[in-house]
Amino acid sequence: FEIDREFQSMRATLPQFQAFYWTVRYGSVRAAAEHLNLTQPTVSLRLQELERNLGLKLFERVGRRLKPSRHGAALRPQVERLLSLAGEIERYGRDAEPARQLLRIGSADIFAHGCLPRLLSIVDADYPNLQVEVSVAFSRTINRRLLDGELDLAFLTNPEVPESVVMLPMGSVEVAWVAAPALGLGTDGGPIRPADLAPHRILTNPEPSHLFASVRAWFEPSGHWPERVSTCDSLSIMARLAAAGLGVALLPAVMPGLESQWSALRVLSAEPAIAPHRLYAAFHRENDSASLRAVIAEARTLLAAVGIPAAG
């Protein structure tokens with residue numbers, strides 16, 4: 001049939017027409033790329049391919065803006081109808097059989113305390129067909145599970161990932177030594193040093209956590225090592241133990257959701273200073289999508305609201 005031959009020979013694609021429409025709409029490849037969550041070179045390439053496939057010049061540059069050429073202006077209403085029809089087909093598929101897409105999120109403890117409950121509420125409201133599974137563990141464990149393909153999205157500190165994994169900086173998490181005032185540490189206003197804490201029980205996450213690595217990095221160069229190191233999986237339990245005067249804990253300086261424990265603790269100035277932990281959102285490049293980016297954007301807003309500053 002004639003229409004079959006037309007379909008078989010069609011070279012222009014829907015993504016090319018989308019790039020054309022949004023470039024015409026905004027008058028800028030950059031703005032079109034931002035709207036489509038693509039890079040500028042990708043949008044430029046799609047426009048070039050569309051012009052080559054149609055054999056027409058579709059744009060003219062006027063100053064710093066792109067304007068549709070005579071052919072581009074004539075093509076625009078047809079492209080609008082095409083994209084509208086594609087949207088109707090997509091909506092039909094969703095309405096006919098609404099699928100529940102699985103999103104497996106892995107979270108470090110600090111993110112889980114501060115943002116996870118609110119983030120899940122937002123996802124439930126904005127993405128009703130998204131089924132979320134959550135795992136909370138040390139960042140190193142989350143890192144491994146992401147690389148093993150067990151997670152779709154991870155919020156973790158100091159990730160170690162290959163180039164196939166996208167890392168988006170989310171914030172800088174300061175960590176600090178804290179203790180109950182009854183222990184009498186830091187009362188002279190000066191910084192505490194490894195020799196000052198070596199006689200005390202140190203409360204931290206077990207190896208191979210990043211908190212334990214920070215404890216080791218702080219003590220070892222001095223030649224002092226604490227007499228007792230007690231490890232615990234939970235930041236909230238560590239805060240409670242420290243507030244009870246049972247040890248000195250290394251904790252994130254911002255502990256949203258744990259204000260009652262934090263108010264009973266004294267933050268100790270340390271020398272040498274302790275390097276902050278960098279919080280990232282990470283996902284496999286092949287899983288990149290607008291909905292995934294939207295969830296990450298919501299998480300970044302929530303982190304800022306609880307006092308964890310954004311990272312560039």
Side-chain angles (χ1 to χ4, degrees), residues 106-116 135-146 154-161 167 169-180 183 185-186 191-194 196-198 200-222 224-259 261-262 264-282 303 306-309 311:
S107 170
D109 211 1
I110 178 61
F111 182 84
H113 275 294
C115 300
L116 200 52
S135 300
V136 179
F138 303 136
S139 286
R140 289 187 184 274
T141 301
I142 296 297
N143 198 128
R144 176 186 56 76
R145 295 192 63 194
L146 177 68
F155 295 101
L156 70 170
T157 57
N158 304 342
E160 299 175 2
V161 296
M167 291 196 314
M170 301 293 287
S172 179
V173 181
E174 301 290 337
V175 293
W177 290 111
V178 296
L183 293 186
L185 293 167
I192 52 103
R193 296 175 173 83
D196 300 321
L197 294 190
H200 296 271
R201 173 188 281 117
I202 299 301
L203 302 166
T204 184
N205 288 155
E207 291 188 282
S209 69
H210 290 307
L211 276 181
F212 193 98
S214 292
V215 169
R216 186 183 299 279
W218 194 74
F219 275 104
E220 282 192 341
S222 71
H224 296 279
W225 185 252
E227 297 177 4
R228 290 173 295 178
V229 176
S230 296
T231 60
C232 177
D233 290 348
S234 168
L235 294 181
S236 60
I237 297 299
M238 286 165 55
R240 291 178 62 183
L241 292 173
L246 297 176
V248 182
L250 186 67
L251 293 172
V254 176
M255 293 279 286
L258 301 177
E259 289 79 9
Q261 291 97 321
W262 195 256
L265 294 167
R266 174 181 291 157
V267 180
L268 307 175
S269 174
E271 186 177 301
I274 304 170
H277 294 187
R278 306 296 180 182
L279 182 65
Y280 290 84
L303 284 167
V306 299
I308 295 178

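All heavy atoms count here, side chains included; hydrogens, waters and symmetry mates do not. Numbers for residues simply follow the sequence, beginning at 1.
Proximity of Asp233 to Pro206: side-chain heavy atoms (C-beta onward) are separated by under 4.5 Å at one or more points.
Scanning for side-chain hydrogen bond (donor to acceptor under 3.5 Å, both in side chains) contacts around Thr141 gives an empty result, with sequence neighbours left out. Evaluation of the side-chain hydrogen bond (donor to acceptor under 3.5 Å, both in side chains) rule for Arg201 yields Ser230 as partners, not counting sequence neighbours. Evaluation of the side-chain contact (heavy atoms from CB on, under 4.5 Å) rule for Pro191 yields Arg193, Ser269, Glu271 as partners, not counting sequence neighbours. Partners of Glu207 under the side-chain hydrogen bond (donor to acceptor under 3.5 Å, both in side chains) rule, at least two apart in sequence or in another chain, are Arg216. With sequence neighbours excluded, the residues that form a side-chain contact (heavy atoms from CB on, under 4.5 Å) with Pro194 are Trp218, Phe219, Ser222, His224, Pro272. A search for side-chain contact (heavy atoms from CB on, under 4.5 Å) contacts involving Leu185 returns Ala179, Leu183, Leu197, His200, Val248, Leu268, not counting sequence neighbours. Under the rule for a ring pair (Phe, Tyr, Trp, His ring centres under 6.0 Å), the partners of Phe155 that lie at least two apart in sequence or sit in another chain are Phe111. Residues satisfying the side-chain hydrogen bond (donor to acceptor under 3.5 Å, both in side chains) criterion with Thr157, sequence neighbours excluded, are Ser139.
Gly186 and Ile192 get closest at one heavy-atom pair: N-CG2, 4.2 Å. In plain terms, the two heavy atoms of Cys232 and Asn205 that are nearest each other are O-ND2, 2.8 Å. Scanning both residues, Ser135 and Ile142, for their nearest heavy atoms gives O-CD1, 3.8 Å.
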